[in-house]
Amino acid sequence: MSDDVKDAGLVAMISSILGGNKRADTIAPPPLTEVPPTAPSNGFEQVAVSIPDEAESEDTGPRNASSENVPSATPAAAMPVEKPVEPPPKIATTPDGRQLLPADAIADLVLGELRKLEDFPATGASVTVYGYRHWNAMITFAPFSTSFPNATRFRQALPDIVFKLRRFVELEV
């Protein structure tokens, strides 16, 4: 079998897998005719009320006497509803004064302390907090995010950071 026949068979197999003779670059999604709706930020939709201008109403014809005495006020539904300002949630504390935090928050604290070290990678480091009463932390690095000597240095610094943070923070279960 010649190379040309093998190539043609391979091309036919690939094109059948990808959808026959259709090419991916010729298929385009239909253009959007409308902007997709977005959710209101405060949980309530604002209602647009059209209030006719006085100039428009004069042009349309004579007014009724009863319509002149009606005040032109915006309906209450059109007014934006303001949420009451909620106080920030209180951080739970233990009887000895330690803050109770979830594992993610403690991991962020540990990672923040590690970032203060020299040559700590900006990305590729992950801290996992585990345990219960005496929580602990583990650090992992993505491939090629740091060198082996630096990773060893960061792993040796981790127990000191955990020891210091345990005095102020306890794991919330």
Side-chain angles (χ1 to χ4, degrees), residues 6-7 9-48 76-173:
K6 289 180 185 176
D7 290 342
L10 184 62
V11 169
M13 184 178 70
I14 291 172
S15 65
S16 68
I17 291 172
L18 295 177
N21 292 331
K22 297 178 186 175
R23 298 192 65 155
D25 56 355
T26 59
I27 300 172
L32 293 176
T33 57
E34 297 180 5
V35 176
T38 58
S41 61
N42 64 356
F44 297 100
E45 292 185 23
Q46 292 184 353
V47 178
M79 300 297 286
V81 178
E82 293 185 22
K83 284 186 167 181
V85 177
E86 297 178 9
K90 293 184 179 179
I91 297 175
T93 57
T94 60
D96 58 353
R98 295 181 191 170
Q99 293 181 354
L100 284 173
L101 294 176
D104 294 338
I106 296 175
D108 289 340
L109 288 174
V110 172
L111 196 58
E113 290 296 316
L114 285 168
R115 289 189 194 280
K116 294 177 184 177
L117 298 176
E118 184 180 348
D119 295 331
F120 192 80
T123 59
S126 175
V127 173
T128 304
V129 174
Y130 61 93
Y132 175 62
R133 196 163 280 250
H134 296 288
W135 59 268
N136 207 349
M138 173 183 70
I139 187 168
T140 55
F141 296 100
F144 305 109
S145 63
T146 188
S147 64
F148 182 77
N150 282 341
T152 304
R153 188 170 53 94
F154 301 140
R155 285 189 180 105
Q156 289 172 349
L158 186 63
D160 294 332
I161 293 171
V162 168
F163 179 75
K164 290 176 185 175
L165 283 176
R166 274 190 202 141
R167 293 187 294 172
F168 304 107
V169 178
E170 194 165 316
L171 183 62
E172 181 182 68
V173 179

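Because only heavy atoms are used, hydrogens play no part in the values below, and waters and symmetry mates are left out as well, while side chains stay in.
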List the residues meeting salt bridge (charged side-chain N to carboxylate O under 4.0 Å, His left out) with R98, not counting sequence neighbours, and say none if there are none.
D96, E170
Minimum heavy-atom separation for S145 and A142, please, with both atom names.
OG-O, 2.8 Å
D104 meets the side chain to side chain contact (heavy atoms under 4.5 Å, CB included) criterion, sequence neighbours left out, with none
May I ask you to decide if the ring planes of F154 and F120 are parallel, tilted or perpendicular, using 30° and 60° as cut-offs?
perpendicular
Interatomic spacing from OG1 in T140 to CZ in R155 - rounded to 0.5 Å
8.0 Å
What distance do I161 atom CD1 and L109 atom CG have between them, rounded to the nearest 0.5 Å?
11.0 Å
Results of side chain to side chain contact (heavy atoms under 4.5 Å, CB included) for D119 - residues two or more places apart only
N150, R153
Not counting sequence neighbours, which residues clear side chain to side chain contact (heavy atoms under 4.5 Å, CB included) with I106? List them please.
L101, V110, V129, W135, V169, L171
Which atom pair, heavy atoms only, marks the closest approach of P121 to R115?
O-NH1, 3.5 Å
Looking only at non-hydrogen atoms, find the nearest pair between L158 and A137 and report the distance.
CD2-O, 3.4 Å
Listed by chain and number, what are the side chain to side chain contact (heavy atoms under 4.5 Å, CB included) partners of A157, not counting sequence neighbours?
L117
